[in-house]
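Owing to the predicted nature of the structure, the values given are computational and were not obtained by experimental measurement. Below, read A as the first sequence line, B as the second, and so on, with proteins coming before strands; counting in each chain starts at 1.
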Protein chains: 2
Amino acid sequence: MGLEERRKREKEQRRSAILNAARKLFFEKGFKYVTVDNIAKKSELSKGSIYLHFKSKEEIYTHILFSDIEKFNKKSAHLFQDNKSAAELILEFACIYFDFFLNDRELFRIMMTFMLHTEDMNLAESVNEHIIEVTNNTIKIIETILQHGIEQGEFPPDINVRQCRNAIWGFLNGIISLHLFTGKEASREERIRSTIKGSLSIFIKGLKSFRRSDEMISQNNNFQTI
Amino acid sequence: MGLEERRKREKEQRRSAILNAARKLFFEKGFKYVTVDNIAKKSELSKGSIYLHFKSKEEIYTHILFSDIEKFNKKSAHLFQDNKSAAELILEFACIYFDFFLNDRELFRIMMTFMLHTEDMNLAESVNEHIIEVTNNTIKIIETILQHGIEQGEFPPDINVRQCRNAIWGFLNGIISLHLFTGKEASREERIRSTIKGSLSIFIKGLKSFRRSDEMISQNNNFQTI
DNA sequence: GTCATTTGCTGACCAACGGTCATATGATGA
DNA sequence: TCATCATATGACCGTTGGTCAGCAAATGAC
């Protein structure tokens, strides 16, 4: 069985070499501007070999997104070690989430591209499922924090946890989208940080005083508007 | 002077023909999959003629984005006609904002693509400025609503209006990004609506009870985390 | 109306690029 | 050693955004 294992190992090594080469190039030049030829040369393989391992260029960057987000999720586990309030945890999570993309901006572009073009992408079916899964795992961290807040009595049990976790995640992505690539370079980081912190604090304050009756009133307003 | 005017008029007609043709095709097939050749044929011009009017394919779809957002902004002026609370106005704005993109999903993709790749796009300088301006006009609608809320005593004067308007806009885009192209098609619309409404209500509740002391506490927490 | 000049349009061309696959090369085992 | 199988290669292909030499049309002077 040594033969098969060696082959398997070598195949995996090649695959890693491709991903590592691609990752460097994408983050250096932007994934849109890196060609498969560039990746082939940097990984010291032929262009055709690339396609022995990946279905498409899109699949390469989706794999990179997958593994980076997976790392982020693991790293975020440390959040729960200290005994912090849920409010603190949300803000801290937001901070490390932003840092993650600030460190590799291209990764944010890749992620948003994935979200905007999910249906169009040329990926093996399993790749699609995997990326959706790890993305959901990120969102679930927020969910866990919210549940923690409910258990600790910080937030009322009335809140729609699923909805709030999506809202917080959407909010983070929206703010990052708004400021990470536009406006004066020098002030982008600080602007995102303060917007995230300031507005999440408002959201958290709203959460803390939430009553189910608030939701009902809101729905009534909706009927009147229609 | 009749000659120049006719020429000018004809040039403008050709330009409109191109934009109209492009708009139909983009929204039918997705802007990524429409070629300049397709646009040329549909507008009954040669491919080279397209480039007499627009610097690039990107500039075509940016122009479409520009004019559609401009229309949206004008249409949103009706928001202020009735005497509604700022809370109601925010929710109503959010609703029509989402409807705008629900109606033309490709437009949302174009907008997000613009935001993610602003620095990379092959546009005439003025086009870039114009699209940023109309986008800012959209954001300013939210700002006007917030100011209205402060004047009416709904929101405390302490709130950072500029930051909140960006937060709300970012939030809307983030939620739309999250759900417009992913998940079960049948439930996407409702999911976005309820997330926007539910979470904006929480945010608004937080706004209503905001005190500048809240902000200071939040900043202190930040120092402890670092 | 003719013709030189100016203006504008055309579509063949070009480079680039993702992806393919016939052919070549290397590994394996009898 | 050699037949067979597995894998790698890079020339090739179709496509696409953008270019521009050549052509067509418009204009205005005579």
Trainee: More 5' along DNA chain C: B/Ser49 or A/Gly48, using each one's nearest nucleotide?
Mentor: B/Ser49

Trainee: Taking side chain as C-beta onward, heavy atoms only, is B/Ile50 less than 4.5 Å from B/Ser43?
Mentor: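 Yes, close enough: below the 4.5 Å cut-off.
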
Trainee: Identify each atom pair where a protein N or O and an N or O of nucleotides 25-30 of chain C are less than 3.5 Å apart, giving names and distance.
Mentor:
from: C/dT28; atom 1: OP1; to: A/Arg6; atom 2: NH2; distance (Å): 2.3

Trainee: Does the distance from a Lys or Arg side-chain N to an Asp or Glu carboxylate O, for A/Glu10 and A/Arg7, drop under 4.0 Å?
Mentor: no

Trainee: Between atom OH in A/Tyr61 and atom C1' in C/dG18, what is the gap in whole Å?
Mentor: 11 Å

Trainee: Tell me what A/Lys57 touches on the nucleic acid: a base, only sugar-phosphate, or nothing, going by heavy atoms under 4.0 Å.
Mentor: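 Sugar-phosphate contact only - A/Lys57 comes under 4.0 Å of backbone atoms but never of a base.
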
Trainee: Within this structure, what is the NE2-to-C1' distance between B/His53 and C/dT7, rounded to whole angstrom?
Mentor: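 So the NE2-C1' distance, B/His53 to C/dT7, works out to 13 Å.
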
Trainee: Quick one: do A/Glu28 and A/Lys24 make a salt bridge, cutoff under 4.0 Å?
Mentor: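 Salt bridge absent between A/Glu28 and A/Lys24.
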
Trainee: Just the rounded figure in Å: distance from P of C/dC17 to CD of A/Glu58.
Mentor: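 So the CD-P distance, A/Glu58 to C/dC17, works out to 16 Å.
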
Trainee: Whole angstroms only, please: what is the CG-C1' distance between A/Asp37 and C/dA15?
Mentor: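 Spelled out: CG on A/Asp37 to C1' on C/dA15 is 13 Å.
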
Trainee: Between C/dG18, C/dT10, C/dG19, which nucleotide has the shortest distance from any of its atoms to the side chain of A/Thr35?
Mentor: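 Given the options C/dG18, C/dT10, C/dG19, the side chain of A/Thr35 is closest to C/dG18.
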
Trainee: What is the distance from CG of A/Asn38 to P of C/dA16, rounded to the nearest Å?
Mentor: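 Going from A/Asn38 (CG) to C/dA16 (P), I get 12 Å.
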
Trainee: For B/Asn73, run the side chain to side chain donor-acceptor pair (under 3.5 Å) check against B/Asp68, B/Asn136, B/Asn137, B/Thr138 and tell me which one passes.
Mentor: B/Thr138

Trainee: With a 4.0 Å cut-off, would you call A/Lys8 and A/Glu5 a salt bridge?
Mentor: no

Trainee: Would B/Leu79 and B/Phe93 count as a side chain to side chain contact (heavy atoms under 4.5 Å, CB included) if you check the C-alpha gap in whole Å, the side-chain angles of each, and the deciding distance to 0.1 Å?
Mentor: CA-CA 7 Å; B/Leu79 273 176; B/Phe93 175 80; 3.8 Å; yes

Trainee: Given A/Phe26, which partner from the list A/Ile39, A/Asn38, A/Leu107 fulfils the side chain to side chain contact (heavy atoms under 4.5 Å, CB included) test?
Mentor: A/Ile39

Trainee: Of all nucleotides in DNA chain D with an atom under 4.0 Å from a non-hydrogen atom of chain A, which is the first and which the last going 5' to 3'?
Mentor: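 Going 5' to 3' along DNA chain D, contacts run D/dA6 to D/dG10.
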
Trainee: For A/Leu52 and C/dC21, what is the distance between atoms CG and C1' respectively, to the nearest whole Å?
Mentor: 11 Å

Trainee: In whole Å, I'd like the distance from the CD1 atom of B/Ile18 to the C1' atom of C/dG8.
Mentor: 13 Å

Trainee: How long is the line joining NZ of A/Lys55 and P of C/dC21, in whole Å?
Mentor: 14 Å

Trainee: Does a side-chain heavy-atom distance below 4.5 Å link A/Lys71 with A/Lys74?
Mentor: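 With C-beta onward as the side chain, the pair stays apart.
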
Trainee: Got A/Leu45 and A/Leu52 here, is their nearest side-chain heavy-atom distance under 4.5 Å?
Mentor: no

